[in-house]
There are 2 protein chains.
Amino acid sequence: MELFVSTFVNKIDKKGRVSFPSIFRNALPKDYKNEIILYKSLRQNSIEGCSVKRINEIADRINNLDLFSEDEEDFSTSIFSEIIPTNLDSEGRFVIPETLKKFSQITTEATFIGQGYYFQILEPQRAKQKQKLSRTRLVERKKSLSAILKENNK
Amino acid sequence: MELFVSTFVNKIDKKGRVSFPSIFRNALPKDYKNEIILYKSLRQNSIEGCSVKRINEIADRINNLDLFSEDEEDFSTSIFSEIIPTNLDSEGRFVIPETLKKFSQITTEATFIGQGYYFQILEPQRAKQKQKLSRTRLVERKKSLSAILKENNK
DNA sequence: TGGGATTATATGGGCGTCAATGGGAATAAA
DNA sequence: TTTATTCCCATTGACGCCCATATAATCCCA
């Protein structure tokens with residue numbers, strides 16, 4: 001599985017380290033097994049992250065934008081200046097940067113949420129709320145979901 | 001047969017393992033023989049599951065959605081974060097995750113119900129009720145069903 | 001076609017490996 | 001030196017892998 005999927009709650013130790021979930025590690029491209037990219041989510045007060053490979057791909061796309069567009073400016077500012085490359089140690093752990101910890105209000109535990117090509121890291125209580133809400137909204141909009149699922153049967 | 005069909009009741013052992021029915025195993029695509037995907041059903045308090053292949057197809061659909069839409073966020077949260085990739089052991093068994101067990105109220109036995117492209121896992125008592133109900137409803141609506149089938153054959 | 005023989009499936013249990021976590025020593029930075 | 005970061009080793013519990021058995025299904029041949 002080359003996607004970030006599932007949800008895991010891991011502890012943060014005295015040194016500030018937390019295990020990056022094993023199956024997330026397996027989802028990292030072979031050439032970048034020990035490095036992840038972290039940044040502030042644009043959607044909510046949470047951390048988002050992805051592989052180095054994905055950042056490279058995004059960079060390519062930005063390069064193809066009109067160089068003088070506002071979008072280009074916004075993207076490069078908010079993405080490149082804010083991302084934090086982070087190394088995993090030999091046990092697959094990393095230290096959550098202080099700024100991101102504050103931003104996401106994470107203290108002693110962190111919930112890792114798989115989102116396919118990227119992942120989120122949230123304070124566990126918030127994570128539960130978020131998942132509950134998403135699920136509720138999705139059930140309400142069952143029709144659009146079943147449309148997506150049915151297309152797959154073709 | 002590449003579909004999940006028929007119904008089976010299997011025991012859960014001390015370690016929490018349960019056999020994935022043999023003919024369900026045969027319904028898995030050759031490249032993903034030992035892995036299934038489990039998740040909470042959106043319809044009722046039961047477990048649903050499918051092959052990795054099917055999830056990959058769904059992932060593609062989601063990735064084609066507008067990256068910043070609310071739908072994208074809900075879909076990827078509810079689907080990517082809630083699915084649980086699960087490996088079958090060499091005897092074709094797997095462990096039902098604790099959260100899913102609670103959600104579906106499964107304890108010592110599990111009923112596997114084939115649903116074509118996916119399958120359900122229910123607590124046996126509930127499974128019986130469900131099947132009874134489905135059958136009753138179907139008989140009641142036989143007429144409209146046959147109308148639907150005829151319509152589709154055109 | 002009957003019935004023993006073979007195979008497959010569901011189930012049980014032992015054991016080694018790995019993931020998550022903790023902590024000390026070594027190294028680097030301030 | 002003091003603080004922070006990285007590397008290495010230890011522990012524990014969960015999980016996967018292997019072997020074993022029993023019941024059920026299938027086969028095969030006389």
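The figures that follow rest on heavy atoms only: side chains count, while hydrogens, waters and symmetry mates do not. In what follows, every chain begins at residue 1, and chains take the letters A, B, ... in the order their sequences are listed.
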Discussion item. What contact category does B/Ser19 fall into here, base, sugar-phosphate, or nothing, at under 4.0 angstrom with non-hydrogen atoms?
Written reply: base
Worksheet entry | Nucleotide D/dC15, atom P - distance to CD of B/Glu35 in whole Å | 15 Å
Worksheet item: What pairs meet the side chain to side chain donor-acceptor pair (under 3.5 Å) rule with one or both residues in residues 102-113 of chain A, with sequence neighbours excluded?
Response: A/Gln105-A/Arg126
Item to complete: Determine to 10° how strongly the helix from C/dT1-D/dA30 to C/dA30-D/dT1 is bent, judged from the axes of its five-pair ends.
Response: 40°
Fill in: Interatomic distance where CD1 belongs to A/Ile96 and P belongs to D/dA4 [whole Å]
17 Å
Look for any protein N or O under 3.5 Å of an N or O in nucleotides 8-13 of chain D and output each such pair with its distance, or none.
unit_1, atom_1, unit_2, atom_2, d
D/dC8, N4, A/Glu91, OE1, 3.4
D/dC9, N4, A/Glu91, OE2, 3.3

Item to complete: Verify the ring-centre separation between A/Phe8 and A/Phe24: is it less than 6.0 angstrom?
Response: yes
Fill in: Comparing A/Lys11 and A/Lys15 on DNA chain C - which has the more 5′ nearest nucleotide
A/Lys11
Protein-nucleic acid N or O pairs under 3.5 Å, nucleotides 21-26 of chain D:
none

Worksheet item: First and last nucleotide of DNA chain C touching chain B, 5' to 3', heavy-atom cut-off 4.0 Å?
Response: C/dT9 to C/dC15
Worksheet, complete the sentence: Sorted by chain and number, sequence neighbours left out, salt bridge (charged side-chain N to carboxylate O under 4.0 Å, His left out) with A/Lys130 holds for B/Glu73
Response to the item:
Between the CD1 atom in B/Ile47 and the OG1 atom in B/Thr99, the distance rounded to the nearest 0.5 Å is 8.5 Å
Worksheet entry | Cation-aromatic face contact A/Lys53/A/Tyr32, 6.0 Å, 45 degrees | no
Worksheet item: By side chain to side chain contact (heavy atoms under 4.5 Å, CB included), which residues pair with B/Asp13, not counting sequence neighbours?
Response: B/Lys15, B/Arg17, B/Arg93
Discussion item. With rounding to the nearest 0.5 angstrom, report the CG to CZ distance, A/Leu28 to A/Arg25.
Written reply: 9.0 Å
Discussion item. If I take atom CG in residue B/Asp13 and atom C1' in nucleotide D/dG16, what distance separates them, rounded to the nearest angstrom?
Written reply: 13 Å
Item to complete: State whether the side chain of A/Gln44 and the backbone N or O of A/Ser46 hold a donor-acceptor pair below 3.5 Å, judged by distance alone.
Response: no
Worksheet entry | Nearest-0.5 Å distance that lies between atom CD1 in B/Ile79 and atom CG in A/Leu3 | 12.0 Å
Fill in: Set of side chain to side chain donor-acceptor pair (under 3.5 Å) partners for B/Gln115, sequence neighbours left out
B/Gln120
Item to complete: Please name all residues satisfying salt bridge (charged side-chain N to carboxylate O under 4.0 Å, His left out) with A/Glu48, sequence neighbours left out, ordered by chain then number.
Response: A/Arg43
Response to the item:
Residues at least two apart in sequence or cross-chain that pass ring-ring contact (aromatic ring centres under 6.0 Å, His included) with A/Tyr117, listed by chain then number, are none
Item to complete: Could you identify which residues of residues 109-122 of chain A place a heavy atom less than 4.0 Å from some atom of DNA chain D, listed by residue number, or say none?
Response: none
Discussion item. Using the side chain to side chain donor-acceptor pair (under 3.5 Å) criterion, which residues pair with A/Ser6? Sequence neighbours excluded.
Written reply: none
Item to complete: Give one of base, sugar-phosphate or nothing for A/Lys14, where a contact means two heavy atoms less than 4.0 Å apart.
Response: sugar-phosphate
Worksheet item: Could you walk me through whether B/Gln129 and B/Lys132 pass the side chain to side chain contact (heavy atoms under 4.5 Å, CB included) check?
Response: CA-CA 5 Å; B/Gln129 288 168 15; B/Lys132 213 176 198 173; 5.6 Å; no
Worksheet item: Does A/Phe103 share a hydrophobic cluster with A/Ile121, counting links as ILVMFWY side-chain heavy atoms below 4.5 Å and allowing steps through other members?
Response: no
Discussion item. Please confirm whether the ring centroid of B/Phe20 lies under 6.0 Å from the ring centroid of B/Phe119.
Written reply: yes
